[in-house]
Chemist: 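Let me give you the structure first, and then I'll get to my questions.
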2 protein chains.
Amino acid sequence: MEYQQSSQNTPLYQQVKDYINNRIAQGILISGMRIESEAELSKMLNASRMTVNRALRELTAEGKLRRVQGLGTFVAEQKLQSPLFEIRSLAKEIEERGGRYSCDVHLLREEEASPWLAGEMKIQVLSPVFHSIIVHKEDGLPIQLGCRYINPEIAPDYLNQDYTRITPSDYLIQQAPVTAVEHVVEALIAEQWIRELLLIDSFEPCLVLHRKTWSGEQVATVNTFYYPGTRYTLGGRFVPDDRGKLDIV
Amino acid sequence: MEYQQSSQNTPLYQQVKDYINNRIAQGILISGMRIESEAELSKMLNASRMTVNRALRELTAEGKLRRVQGLGTFVAEQKLQSPLFEIRSLAKEIEERGGRYSCDVHLLREEEASPWLAGEMKIQVLSPVFHSIIVHKEDGLPIQLGCRYINPEIAPDYLNQDYTRITPSDYLIQQAPVTAVEHVVEALIAEQWIRELLLIDSFEPCLVLHRKTWSGEQVATVNTFYYPGTRYTLGGRFVPDDRGKLDIV
DNA sequence: CTGCCCAACTTGTATATACAACTTAAAATG
DNA sequence: CATTTTAAGTTGTATATACAAGTTGGGCAG
């Protein structure tokens, strides 16, 4: 067989990568599922095995696939770990420390988007958004107040979950893949109602983490998390590995 | 020519990658320098061009090399951008905003390591360390107080630099490659001498960023940065790209 | 039935070849 | 001399082939 590239100008190996990526994005391929072998893909997509091999090898380096010699190629469990702050459940973190996790749901309802929120989420003013305010506690002591606004298109059933059983983070991650995250940190003296819920006095500073997530082109969530400055710090250690990616240690 | 892998069990393409990586680590290859062409490396290392191509392609994906079709392969400018907080010069950031940068060096001297610091840096108690306290200002207003402890082995000439001309970050980055970073953020009411230098009152919270860097196995620096809570926020947006790496937008 | 071996399939690596696309400098042309 | 063309060298992609190495299940011998 001779040299072929044909389509569009996009390299063939890239077309194979796109094909796999699309099937993952569309939910046709689920985490853990075995995908076609190189030989099968080679026939299906009319590309040589080496070209398919390159595509799958690169997708593996990108963390999207997992390959086992002699067995096959599988869809990796996708976990978007945003750099400094991995989006992980606070509950799990507390349990790892040996603490007892609990939470209070102070608000969980549908609201109409304010002009500010509409701008942030790129939706129409007064269009419906879901709003929740939840206080997470370790051994009964509040350590985070999470104020979340959720795009209903991303998680239509957000209001009908029991957040004493599954954290909002955990629920949202399984609803839609997060494709981008923005984090901003600041320090301030919180408003009174926040101080009361976090059990801090008027002179104790709050660490505030603003997190905005996207799913594709849509803004998925706009969150503000308040931490008592004296009871909580945020951080992580980052070591670039051989593949140029970052491990959270 | 037939199939050969021979050495050790490490794949040939990996040996090529190691060869390049080592020459970069040893300083034989400097940023921007052109390295041998695939054909030359192929002869030198007795590997086929395709094998060399794979090695260089992967190193490029890892950000270590930069390739230009028709021109050659070059050593990429190495910038360890830690995720959330890229280690970049505050000065550049201010200038990008159109502000005027200036700084005051309040302390720059050699000290003996306290027990706490010795533990952090994994050095002997009372062994020499460099200590600097510098206030960075935008349009004359303080926005960061940087308190740094530097391992003298990493940057022996740290005390003899003019930090009104080059920021400590810029200087340290060119002294030794940073191989790991740890960041921890907290919010607190700062001590009085810090509040005075940052021109904040006793009720205004400080955003505190602790940064610890490693160069290989050695702890290179231990830093604490104080930001006025009302005048500064830390943050970034992260979008995983096709190569699985993270762009700071 | 049990245990072993082997065949079939998988991914992993290495190579030779071919051509495309791009860059630069030298050579040819006016 | 100025301009264009060409040639040589570079990386980028695609393929066919070959063998190594790991996994699994079925068949065979005991």
Chemist: Determine the contact category for A:Arg34: base if any of its heavy atoms lies under 4.0 Å from a base atom, sugar-phosphate if only primed atoms, P, OP1 or OP2 are that close, otherwise nothing.
Modeler: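 Sugar-phosphate, backbone atoms only, no base.
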Chemist: Rounded to whole Å, please give me the gap between CG in B:Asn53 and C1' in D:dG9.
Modeler: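 The answer, rounded to whole Å, is 16 Å.
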Chemist: Strictly distance-based, threshold 3.5 Å: is any side-chain N or O of A:Asn22 a donor or acceptor partner for the main-chain N or O of A:Asp18?
Modeler: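 Checking the backbone N and O of A:Asp18 against the side chain of A:Asn22, a donor-acceptor pair under 3.5 Å is found.
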Chemist: Does A:Arg148 offer a backbone N or O that forms a donor-acceptor pair with the side chain of A:Asn223 under 3.5 Å?
Modeler: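 No.
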Chemist: Nearest to the B:Thr51 side chain among C:dT15, D:dT15, D:dT11, which nucleotide is it?
Modeler: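 Among the listed nucleotides, the one closest to the side chain of B:Thr51 is C:dT15.
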Chemist: Rounded to the nearest Å, what distance is computed from the CG atom of residue B:Leu59 to the P atom of nucleotide D:dG12?
Modeler: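 After rounding, the reported distance stands at 12 Å.
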Chemist: Output yes when A:Lys17 and A:Glu58 qualify as a salt bridge under the 4.0 Å nitrogen-oxygen rule, no when they do not.
Modeler: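 So A:Lys17 pairs with A:Glu58 through a salt bridge.
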Chemist: When you compare the side chain of A:Thr224 with that of A:Leu209, does any pair of heavy atoms fall below 4.5 Å?
Modeler: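 No, side chains not in contact.
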Chemist: Would you say a side-chain N or O of B:Thr73 is under 4.0 Å from OP1 or OP2 of D:dT11?
Modeler: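 Yes, within the criterion.
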Chemist: Could you state the atom-to-atom distance from CD of A:Glu58 to P of C:dT13 in whole Å?
Modeler: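 Value for this atom pair: 14 Å.
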Chemist: If we only count heavy atoms from C-beta on, is the A:Tyr101 to A:His136 side-chain gap below 4.5 Å?
Modeler: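 Side chain of A:Tyr101 against side chain of A:His136, heavy atoms only: contact under 4.5 Å found.
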Chemist: Any side-chain heavy atom of A:Gln218 sitting closer than 4.5 Å to one from A:Asn151?
Modeler: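 Side-chain contact under 4.5 Å: yes.
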Chemist: So, is A:Ser37 near the phosphate of C:dC9, with a side-chain N or O under 4.0 Å from OP1 or OP2?
Modeler: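 Looking at the OP1 and OP2 atoms of C:dC9, neither is under 4.0 Å from any side-chain N or O of A:Ser37.
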Chemist: Reckon A:Arg67 has a side-chain N or O less than 4.0 Å from the OP1 or OP2 of C:dG12?
Modeler: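 Checking C:dG12 against A:Arg67, a side-chain N or O does come within under 4.0 Å of OP1 or OP2.
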Chemist: For D:dT13, take OP1 and OP2 only and decide whether either is under 4.0 Å from a side-chain N or O of A:Arg54.
Modeler: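 For D:dT13, OP1/OP2 do have a side-chain N/O of A:Arg54 under 4.0 Å.
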Chemist: Round to a whole Å and report the spacing from CZ of A:Arg66 to C1' of C:dT10.
Modeler: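 Nearest whole value for this atom pair: 15 Å.
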Chemist: Check this one for me: any side-chain N or O of B:Ser48 less than 4.0 Å away from OP1 or OP2 of C:dA14?
Modeler: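 Answer no for this pair, as no side-chain N or O of B:Ser48 is under 4.0 Å from OP1 or OP2.
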Chemist: A:Arg49 CZ to C:dG12 P: how many Å, rounded?
Modeler: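 Between P of C:dG12 and CZ of A:Arg49: 8 Å.
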Chemist: How large an angle, rounded to 10°, do the end axes of the helix from C:dC1-D:dG30 to C:dG30-D:dC1 enclose when each is built from five base pairs?
Modeler: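 That helix gives 30° between its end axes.
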Chemist: How long is the line joining CD of A:Glu40 and C1' of C:dC9, in whole Å?
Modeler: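 Those two atoms, CD and C1', are 10 Å apart.
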Chemist: Using only atom types and a distance under 3.5 Å, with no angle test, would you say the side chain of B:Gln161 pairs donor to acceptor with the backbone of B:Ile166?
Modeler: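 The answer is no, because no donor-acceptor pair under 3.5 Å joins these two groups.
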Chemist: In whole angstrom, what separates A:Leu65's CG from C:dT11's P?
Modeler: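 Spelled out: CG on A:Leu65 to P on C:dT11 is 11 Å.
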Chemist: Would a line drawn from the ring center of B:Tyr163 to the ring center of B:Tyr158 be shorter than 6.0 Å?
Modeler: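 That pair passes the under 6.0 Å test.
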Chemist: Hey, what are the protein-to-nucleotides 22-24 of chain D N/O distances that come in under 3.5 Å?
Modeler:
from	atom 1	to	atom 2	distance (Å)
D:dG22	O4'	A:Gln69	OE1	3.4
D:dG22	N2	A:Gly70	O	3.1

Chemist: Below 4.5 Å, heavy atoms only, C-beta onward: do B:Tyr149 and B:Thr221 meet side chain to side chain?
Modeler: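 Answer no - side chains too far apart.
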Chemist: Can a donor-acceptor pair be found, under 3.5 Å and without considering hydrogens, that links the side chain of A:Thr51 to the backbone of A:Tyr13?
Modeler: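 Side chain of A:Thr51 to backbone of A:Tyr13, a donor-acceptor pair under 3.5 Å: no, none is there.
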Chemist: Taking the minimum atom-to-atom distance to the side chain of A:Met50, which one of D:dA16, C:dT11, D:dG12 wins?
Modeler: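 The answer is D:dA16, which lies nearest to the side chain.
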Chemist: Measure CG/B:Leu41 against P/D:dT10 and give the value in whole Å, please.
Modeler: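 Distance check: B:Leu41 CG to D:dT10 P gives 11 Å.
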